[in-house]
Each structure stands twice: as C-alpha cells, then as structure tokens.
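Working notes for the structure below.
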Amino acid sequence: MTHLHSVMPTIGPLLPEIMMAVGAMALLMYGAFRGERSVEGVNVGALILLILTFFVVVSGHGKITTLSGAFISDNFSRIMKALILIGSAATILLSRDYFQRERIDRFEYPVLILLCTTGMMVMASANDLISLYLGLELQSLAAYVIAAFHRDDVKSTEAGLKYFVLGALSSGMLLYGASLVYGFTGTVSFPGIVTALNSDSTGLGIVLGIVFIAAGVCFKLAAVPFHMWTPDVYEGAPTPVTAFFASAPKMAAMAMTVRVFIGAFPDVTAIWQQIIIFVSIASMALGSFAAIGQKNIKRLLAYSSIGNVGYALIGLAAGTEEGVRGVVVYMLIYLAMTLGGFAVLLAMRRKNQMYETIDDLSGLSRTHPWLAFCLAAMMFSLAGVPPLAGFFGKFYVFAAAIKAGLVTTAVIGVVTSVVGAFYYLRVVKVMYFDEPREAYEPMPPGIRIVLGLSSALVVLFFLVPAPLVAAAGAAAKSLF
C-alpha cells in the first residue's frame with residue numbers, strides 16, 4: 001500500500017496525458033479490428049475522451065512537478081490544455097460531415113487528432129528541454145499525416161510534404177539551440193538553467209542557443225520570418241484540418257513559447273525580448289498587408305493567424321505577469337474567433353461542392369442571415385471593434401506592453417490593426433451589400449454547435465469577462 005502511495009503522486013499530474021495516450025491506442029485497436037465500420041464509433045469515442053480529459057484537467061489544482069522535475073502541472077498548463085482540448089474536440093465536430101462527403105472518412109483521423117493533442121498537452125507542461133522536444137515531435141508527426149490526409153488530392157499531399165520538410169528543419173534548429181543551452185549551462189531543466197544563468201554572465205553561446213530556440217518556436221507559431229509554409233498548407237490541407245492547425249496547435253505553440261522564455265530565461269529578458277519584439281512587429285505587419293490581396297478565405301485566415309500571433313507575442317515581449325495574462329486572454333478569444341470563421345467556411349457548400357473564395361459570400365445576409373451575422377461578428381472581432389471579444393484581447397496585450405515601456409510596439413500594433421480592418425470589413429461588405437448568389441445547403445449539426453458556441457463567446461464576452469480574465473491572471477501568476 002505504501003508503495004502504491006509513493007507511485008500515485010508521480011502519476012497524478014500525468015493523468016490527462018496518460019488518459020489520452022491509452023484512449024488513442026484503444027481506439028486504434030478497435031478501428032483496426034472493426035475496419036471501416038468503426039469510423040462512427042471511433043469519432044464518438046474520441047469526443048468522449050476529449051471531454052473526460054477536459055474535466056480531469058480543469059479539476060486539478062496547485063503546482064506539482066513530476067518525472068524528476070521534467071513535467072509540471074500548474075494553473076498556466078491547465079488553462080492552455082483546456083484550450084487545446086476544446087480546439088481538438090471542435091475539430092472532430094467540424095470534420096464529420098466534410099469527410100463523409102469527400103469519401104475520406106477513415107478511423108485513423110480521430111486517432112491522429114488524439115495523438116497530436118497528447119503531444120500538445122506535453123508541450124504545455126514541459127519543464128525541461130527534453131520533455132518539450134518530445135511533446136513537440138509527437139504533435140508534429142501526427143500533424144504532418146493529417147495535413148496530407150486527402151491522399152488523392154494533389155494540393156493536400158503537397159501541403160503535407162511542405163509541412164514535413166520545413167517542420168523537420170525547424171525541429172533541427174530548436175534541437176541545436178537546446179544543445180547549445182545545455183552545453184553552456186550543463187542542464188536541460190528550466191529551473192536549472194535559471195540557476196546557471198544567475199551565477200554566470202551570459203556568453204555568446206547562450207545567446208546563440210536562445211536565437212535557435214526562438215527560430216524553432218517561431219516556426220511552430222507560424223510567425224514571421226518562419227511563416228512561409230502557412231498559406232500553402234492552410235489552403236492545401238482539407239478544410240477541417242486547416243481549422244485544427246489554426247486553433248489547437250497555436251495554443252500549444254504559444255504555451256511552449258511562454259514556458260520556455262519566462263520559465264528558463266527570466267533573467268536574460270533583454271536578449272530574447274528584442275527577438276520577440278522583432279517577430280511580433282514583422283508578423284503583425286505581414287499579416288495585415290499580405291492579406292489585402294487574398295481572394296481565398298483559407299489563405300486570408302492564414303495571414304490573419306500570422307497577424308494574430310504577432311499581437312499575442314506583444315504580451316510575451318512585455319515579460320511581465322500582466323503581459324502573460326494578456327497572452328492567455330488573447331489566445332482564448334482567438335480560439336473562438338478562428339473556430340467560428342472556419343465553421344462558416346465549412347457551411348459554404350452547394351450541390352456537394354465546397355466554396356472557398358470571398359466572392360462566394362456575396363449577399364449571404366439575404367440567403368442566410370444568421371450565418372452572415374456570425375461571420376460578421378467574427379470579422380469585426382478580429383478587426384478589434386468594441387464591444388466584441390477581439391477588442392478586449394488586443395486591449396489587455398497593448399496595456400501590458402505600454403506598462404512595460406514598449407510604447408512603440410503597441411502603437412505599431414494599433415496601426416496594423418487598422419490596416420487589417422480593411423480586409424476583415426471587406427468580407428462584411430461582400431456579405432451585406434453585394435448581390436446574393438444561390439443559397440447554401442443547411443448546416444450539419446456539428447458545425448452548428450461550434451459556430452453557435454464561438455459566436456456566443458465573441459458577442460457576449462463583454463458581459464462577463466471577469467471569470468475568464470481572473471483564470472488567465474491565475475495562470476500568469478503561476479509562472480512568476
């Protein structure tokens with residue numbers, strides 16, 4: 001009995017990840033034995049598993065480390081894992097109808113989503129460089145496969161290959177940076193790195209290590225200058241997969257970024273702050289200007305996601321507790337806006353044909369008033385128009401930056417927001433003022449659920465922001 005008690009505390013913090021991994025394996029076995037008849041069962045099983053894991057994650061409390069300090073469970077990891085699980089569950093809901101119609105409905109898909117989610121949850125809780133890399137690779141390998149899931153489609157296979165080649169390159173850079181940091185500090189654990197850097201002045205080796213780690217991290221975030229893959233992969237991958245890439249992995253990448261820089265390098269903020277400020281400004285500028293000429297909604301949302309990562313990074317650049325709180329609030333709101341935008345895109349179907357260009361939204365307000373209203377809410381929110389949720393996301397991030405003395409960065413953020421508003425509002429103009437086209441087919445229930453919930457959060461956030469902001473504040477506090 002005493003032996004059991006000595007084992008339990010070490011497994012406790014790992015319970016959500018163990019549940020996901022064991023559940024994914026069980027569903028894989030079930031799918032392998034039942035064959036194609038198992039698709040519906042595996043999808044339902046995956047959804048139930050994600051919901052159960054969500055409740056296990058949310059019910060945790062306190063700060064616990066396990067696996068000799070390599071894995072940490074605290075308020076920050078819990079809120080980011082909750083967002084990751086919501087993004088993954090929404091993806092499975094969005095995928096059902098699309099995959100059935102495209103005749104690529106296979107049981108491996110939800111299993112890959114679960115494995116990807118397990119890797120992302122490890123990324124959010126990583127407390128040393130090795131566990132961070134393991135989580136990242138588990139997430140990436142599953143993601144490469146789902147990008148190319150539509151095997152007979154040239155664009156999808158090309159998207160998977162591009163993602164794989166560039167992803168392998170970025171993993172190599174991250175690993176090289178990690179090995180440099182290990183070489184110059186003699187440890188891979190984040191608290192150990194903090195102690196080593198405290199007692200020692202930072203040499204060129206550490207600076208180089210931080211630069212390479214930042215490069216690897218920026219690729220996962222799709223931040224400039226490592227954003228090249230984003231528009232092509234977003235356009236080529238099946239639409240529900242694109243919705244997944246734009247939501248859950250972004251949460252995990254941002255959790256990992258905050259965890260690395262705030263957790264391992266808090267005393268050398270001056271070094272990495274310059275990198276983050278540059279990446280943030282470049283991402284906001286590219287996201288705003290490059291999207292202006294886009295005709296395809298998926299490419300538009302790809303550039304929009306690059307811009308949004310730039311805004312969220314302003315909070316990290318501040319390097320303060322308030323800045324991290326801003327990042328968490330921003331990512332929560334971004335998740336709702338993105339899932340809502342992709343839900344509308346997946347509802348654009350007539351006669352078994354998917355439509356993806358902005359012109360296909362012509363006169364949507366007259367044929368589908370509710371759909372147009374929801375998409376308009378997402379667009380106004382992405383543009384940062386009050387009182388919608390997107391305004392509060394930007395407000396918290398900019399306020400933290402100004403408090404930390406990064407006034408120029410905040411001002412550039414506001415200016416790029418105004419430029420970005422042009423292409424968001426163009427979508428609204430097309431829906432409300434152009435001549436209507438033929439009506440789309442009725443929305444499947446999965447898409448309706450995701451769109452309803454994300455629209456509710458975006459439109460009604462201003463009524464009850466306190467609990468969400470308080471949760472983000474508690475998450476930020478656990479890092480400092």
Side-chain angles (χ1 to χ4, degrees), residues 61-63 72 74-83 124 190 194 214 217 221 223 250-281 283-284 307-337 381 384 386-417 457 461-462 464-480:
H61 50 84
K63 184 186 271 195
I72 186 167
D74 57 8
N75 286 333
F76 177 75
S77 70
R78 280 191 280 276
I79 193 166
M80 294 314 277
K81 283 181 195 175
L83 294 180
F190 292 170
V194 174
V217 158
L221 279 171
K250 282 274 192 295
M251 305 297 125
M254 191 55 81
M256 165 178 84
T257 310
V258 172
R259 182 74 78 193
V260 168
F261 290 120
I262 302 288
F265 306 111
D267 300 322
V268 289
T269 308
I271 297 172
W272 58 259
Q273 192 180 42
Q274 300 167 28
I275 303 172
I276 300 294
I277 289 173
F278 166 74
V279 168
S280 166
I281 291 173
S283 299
M284 292 187 298
N308 276 297
V309 162
Y311 295 118
L313 284 173
I314 292 181
L316 175 60
T320 58
E321 191 182 310
E322 203 178 326
V324 175
R325 183 189 70 174
V327 173
V328 176
V329 172
Y330 197 95
M331 293 317 282
L332 188 154
I333 292 166
Y334 166 75
L335 181 68
M337 297 188 296
S381 181
L388 297 169
F391 166 76
F392 292 94
K394 287 182 178 165
F395 171 77
Y396 284 115
V397 181
F398 291 156
I402 289 166
K403 215 171 211 178
L406 306 176
V407 181
T408 317
T409 315
V411 170
I412 293 170
V414 174
V415 172
T416 53
S417 275
L457 181 89
F461 179 82
F462 74 99
V464 281
L468 293 172
V469 175
K477 198 180 232 86
S478 69
L479 287 176
F480 288 88

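In this chain, residues are counted from 1 in sequence order.
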Residue set satisfying side-chain contact (heavy atoms from CB on, under 4.5 Å) with V268, at least two apart, ordered chain then number -> L197, T202, I210, F265, I271, W272
Non-hydrogen side-chain atoms of N75 and I79 separated by less than 4.5 Å:
no
### Query
Is it the case that more than 12 heavy atoms not belonging to K63 sit under 6.0 Å from its NZ atom?
yes
Nearest heavy-atom approach of V397 to A312 is CG1-O, 4.5 Å
Check your understanding: Where does the angle between the aromatic ring planes of Y330 and Y311 fall among parallel (under 30°), tilted (30 to 60°) and perpendicular (over 60°)?
Key -> tilted
Nearest heavy-atom contact between T416 and M284 is OG1-CB, 3.6 Å
Just so I know, are the side chains of V327 and Y396 near enough to count as touching, which here means a heavy-atom distance under 4.5 Å? no
For A317 and I277, the nearest pair of non-hydrogen atoms, with its separation, is CB-CG1, 3.8 Å
- [ ] Examine the side chains of T320 and K403 and answer whether a donor and an acceptor come within less than 3.5 Å of each other.
- [x] no
Open item on the list: Are P266 and V194 packed together at the side-chain level, in the sense that at least one heavy-atom pair is separated by less than 4.5 angstrom?
Closed with: yes
Sequence neighbours excluded, the answer for side-chain contact (heavy atoms from CB on, under 4.5 Å) partners of L468 is L332, L457, F461
All heavy atoms of L388 vs all of S381, minimum pair found to be CD1-N, 3.7 Å
CG (L83) and CG (L335) are apart, to the nearest 0.5 Å, by 6.0 Å
(message) Within the structure provided, determine whether M251 and Y334 are in side-chain contact (heavy-atom separation under 4.5 Å).
(response) yes
Heavy atoms of E321 and G473 approach each other most closely as OE2-O, 4.4 Å
Here the gap from I412 atom CD1 to I281 atom CD1, rounded to the nearest 0.5 Å, amounts to 3.5 Å
On a heavy-atom basis, the closest approach of A318 and G323 is CB-CA, 4.4 Å
The reported gap from CD1 in I314 to NZ in K394 (rounded to nearest 0.5 angstrom) is 9.5 Å
Just wondering, do V324 and F76 contact through their side chains at under 4.5 Å, heavy atoms?
yes
For the pair S280 (side chain) and L313 (backbone), establish whether a donor and an acceptor sit closer than 3.5 Å, ignoring hydrogens and angles. no
task: Could you check if a side-chain atom of R78 sits within less than 4.5 angstrom of a side-chain atom of K81, using non-hydrogen atoms only?
output: no
Rounded to the nearest 0.5 angstrom, the NZ-OG1 distance for K250 and T257 is 11.0 Å
With sequence neighbours left out, the residues meeting side chain to side chain donor-acceptor pair (under 3.5 Å) with R259 are D74
